[in-house]
Amino acid sequence: MLTGDIPPNQTIYIKNLNEKVKKEELKRSLYCLFSQYGRILDVVALKTEKLRGQAWVVFSEVTAASNAVRQMQGFPFYDKPMRIQYAKTKSDCIAEAEGVYDPNAKKKKKQEEKAERKKRAEEAQQAAPANGKPAETNGGPTSFRQGNQGAQETAPPNNILFIQNLPYETTSMMLQVLFQQYPGFREVRMIEAKPGIAFVEFEDDVQSSMAMQALQGFKITPQNPMAITYAKK
DNA sequence: AGCACA
């Protein structure tokens, strides 16, 4: 119904996105938000007249896309409920991987683009994770184990979480999108003078703990697994 | 509302 009669596809099509969000941030936030459902191969967003307010998220598995369509339906994203469907056609990066990619049917300059794409896939190691190959397992909410054992003392449970190892360009809006999925979320606080860290407040320490477990090690970019601890009193 | 791969 909400997905229309479009057959399942490993790419989801999202509309009703907030058109004021800049393209790169939008792609990063979508990547963050949807990586919990599986490995993301690509995120496509264009700001052209015809295509603004829409995006495609390409998963490595159809099942991931199905869960995303169902569970994130209507999710408030930059203050607007997302409308999610399966994409109508196969993404180029999938067709290419399957050896079925025929760019002649569409574009003229395929050689240059293919070279471009390859080049950017390599650069993507430290840029947006949403270009081509994700470079490694994103990990997502269920993989962690690198956080806070060893060196420093573990602070006792607290309703406020302390987040470290964030990419420099992380915004509080991006973190809000991630953390507000968990019950009891109150607010994100960042300090201008201290990039790379943030405080996220929940109503109580049971709820903050749930979010901590869910997002421990979450990678906003492949080289930035979040380190989440309880804030000190 | 709008289905692309800048």
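The analysis underlying the following values was restricted to heavy atoms, covering all of them including side chains, and did not include hydrogens, waters or symmetry mates. In what follows, every chain begins at residue 1, and chains take the letters A, B, ... in the order their sequences are listed.
With contacts defined as side-chain heavy-atom distances shorter than 4.5 Å, the pair I12(A)/F34(A) qualifies.
Not one side-chain nitrogen or oxygen of K50(A) sits closer than 4.0 Å to the OP1 or OP2 atom of dC3(B).
Between the NZ atom of K22(A) and the P atom of dA6(B) there is a distance of 21 Å, given to the nearest Å. The CD1-C1' distance, from I14(A) to dA1(B), rounds to 16 Å in whole Å. Between the CG atom of L26(A) and the P atom of dA4(B) there is a distance of 17 Å, given to the nearest Å. R83(A) has its CZ atom 17 Å from the P atom of dC3(B), to the nearest Å. In this structure, NZ of K27(A) is placed 16 Å from P of dA4(B), rounded to the nearest angstrom. Whole-Å rounding puts the R52(A) CZ to dC3(B) C1' distance at 16 Å. Computed from coordinates, the L30(A) CG to dC5(B) C1' distance equals 15 Å when rounded to whole Å. Atom CG in N9(A) sits about 12 Å away from atom C1' in dA4(B), given to the nearest Å.
The residues E61(A) and R39(A) are annotated as not salt-bridged, no charged nitrogen and carboxylate oxygen being separated by less than 4.0 angstrom. Ionic pairing of E169(A) and R28(A) is present here: one or more N-O contacts between side-chain nitrogen and carboxylate oxygen are shorter than 4.0 angstrom.
Taking the ring-ring contact (aromatic ring centres under 6.0 Å, His included) definition, one finds that F75(A) meets it with nothing, sequence neighbours left out. Y78(A) is linked by a ring-ring contact (aromatic ring centres under 6.0 Å, His included) to nothing, counting only residues two or more places apart in sequence or in another chain.
Where K88(A) and K23(A) meet DNA chain B, the nucleotide closest to each residue was compared, and K88(A) sits on the side nearer the 5' end. Each of K90(A) and N16(A) was assigned the nucleotide of DNA chain B with the nearest heavy atom; the assignment lying further toward the 5' end belongs to N16(A).
Residue L51(A) places its side chain closer to dA4(B) than to any other of dA4(B), dC5(B), dG2(B). Ranking dC5(B), dA4(B), dC3(B) by closeness to the Q54(A) side chain, first place goes to dC3(B).
As judged by a 4.0 angstrom heavy-atom cut-off over every strand, L46(A) is placed among the base-contacting residues.
For T48(A) against dA6(B), no side-chain N or O and base N or O form a donor-acceptor pair under 3.5 Å.
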